[in-house]
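Step one of this worksheet: look at the structure below.
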There are 2 protein chains.
Amino acid sequence: MEFDFKEFTEKFDNSRKKICRDIYNENQESIKIKNEERAVENLDRIFKAVFSISSKKGFQAMSMRDLSKESGMSMGALYGYFKNKKDLLAIIQRQGRAMIKNVLDAFSIISEDPCKRLRSAIKAHIFLSELARPWFFFTFMEARNLSKAELEEVRELEAYTENILVEILLLGEEKKIFKKKNHYLTASIIKAMQQDWYLKRGKYSLRKITPDEFAESVIEFVESFCFESSA
Amino acid sequence: MEFDFKEFTEKFDNSRKKICRDIYNENQESIKIKNEERAVENLDRIFKAVFSISSKKGFQAMSMRDLSKESGMSMGALYGYFKNKKDLLAIIQRQGRAMIKNVLDAFSIISEDPCKRLRSAIKAHIFLSELARPWFFFTFMEARNLSKAELEEVRELEAYTENILVEILLLGEEKKIFKKKNHYLTASIIKAMQQDWYLKRGKYSLRKITPDEFAESVIEFVESFCFESSA
DNA sequence: GTCTATACACAGATAGAC
DNA sequence: GTCTATCTGTGTATAGAC
């Protein structure tokens, strides 16, 4: 049941267009365009432009004129796809969260062995953040611009993914494979390492570290901390 | 030579006013106010206000009207202390970097023993980021708004602090105390954990984890990864 | 040194032609 | 569906009174 970045990518590479289609279907009230194919294609252009601009200067510093230029659509056309700038942010956020939850769920139940589950959970998060890096980066950096309700959703997803790790660690402790520890702290630290991968992606690129190598390092780090010394 | 957060704090608590004085002295060209005492006091008020607002909504979303209100000074008065908004950002950045470099240097040479140096370097960074959290948070989040030259300075400081760790790890390897590893990757991971402390401070506060506890956890994590198994 | 009032640019958003 | 032109609010920055 082991998988590497290449296998992970093949499974999830078609997800970008799919996400745009989901967004179209779930936001019919605010999207004025009726032709689905055209809408999906333009949404993809818009999101690409948003990620491109806001990874440089931030979402809130991105003007609608910037977005118009980068996406090749006029201001008027853009407003056919969302109610206002805040709404655009909310749509992106909501859909990204749904995607993450689906993927991580799928990869956290593949084995009864806590060691394998730990490996799998750590790798899936890193690989996913590699494929959907603009989204991860964006969510982290723009958290301050979210509404209170949206922020609460982000916190819940954070807690949810942290809990996946905590439960694996607990299971391992019960089976006497992992040491007894403050598992919440361990999970936090694991998440901190995963987070570094998408926040400091440039640094790792320069050093030519692949997603597989990074994931292995994190896993090795965690295992040396968690395993009973017999291992 | 061991120190805890309390001892660290006592040594550096008076640094905030000192920083304002340094800033005043080093930016005489752009600061129009001639009375030093008044200037230092007002700079302190301004920086406090900047950190308070921009930790909520970001520096670039902070308007000068916001800053005027929060600091209790008028727009006109504010512009006596810096040339423009960009200049204000640069001043804060420059001074913070100087402070960090000084403190970390002071704490990275206190022993010949690589274990002690590793402990000391990790703790000093976490404690410093606790005391100057607004500054750390601010630098990280506003990196995108810096000029190219400023960004280069930030990268250099990053590389510098990472190198402190790498050298300790190398020394430990030479002395056969630490395992042979990719020390750059290990240092990156250590920095990722330290970074989490100031980026996700709210989470750790909720869980009532103290700086001392967090530092010990990080150290334990790192040691279990680095030490030769005889330890 | 600090205030109030204001200049001028640019933001988000929409109306109406095509 | 998409464009251009334009409304209105808010941004940074400064001038000039005190």
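To find a chain, count down the sequence lines: A is the first, B the second, and so on, and within it residues start at 1. The figures that follow rest on heavy atoms only: side chains count, while hydrogens, waters and symmetry mates do not. From a predicted model like this one, the values you see are computed outputs, not experimental measurements.
- Of the residues listed (A:Gln195, A:Arg201, A:Gln194, A:Met193), the one engaging A:Trp197 in a side-chain contact (heavy atoms from CB on, under 4.5 Å) is A:Arg201, and it is the only one.
- Computed from coordinates, the B:Leu78 CG to C:dT2 C1' distance equals 10 Å when rounded to whole Å.
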For this session: Report, as a single string ordered 5' to 3', how protein heavy atoms within less than 4.0 Å touch nucleotides 12-18 of chain C: B base, S sugar-phosphate only, - not at all.
Result: BBB----

For this session: Mind running side chain to side chain contact (heavy atoms under 4.5 Å, CB included) on B:Tyr24 and B:Arg21 for me, showing each step along the way?
Result: CA-CA 5 Å; B:Tyr24 177 73; B:Arg21 198 167 300 273; 5.6 Å; no

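- The aromatic ring centroids of B:Phe51 and B:Trp135 lie 6.0 Å or more from each other.
- If you measure from atom CG of B:Leu67 to atom P of C:dT2, you get 14 Å, rounded to the nearest angstrom.
- Here C:dC3 presents its P atom at 16 Å from NZ of B:Lys69, a figure rounded to the nearest Å.
- Cation-pi geometry between B:Lys32 and B:Tyr81 is not satisfied (NZ or CZ under 6.0 Å from the ring centre, within 45° of the ring normal).
- For B:Tyr79 and B:Phe82, the gap between ring centers is short of 6.0 Å.
- Proximity of A:Ile19 to A:Ile23: side-chain heavy atoms (C-beta onward) are separated by under 4.5 Å at one or more points.
- Residue A:Asn42 is in sugar-phosphate contact alone, with no base atom involved, counting any heavy-atom pair closer than 4.0 Å across all strands shown.
- Ring planes of A:Phe136 and A:His125: perpendicular class, angle over 60° (limits at 30 and 60°).
- Across residues 143-151 of chain A, not one residue has a non-hydrogen atom less than 4.0 Å from an atom of DNA chain C.
- The distance between the ring centers of A:Phe5 and A:Phe127 falls below 6.0 angstrom.
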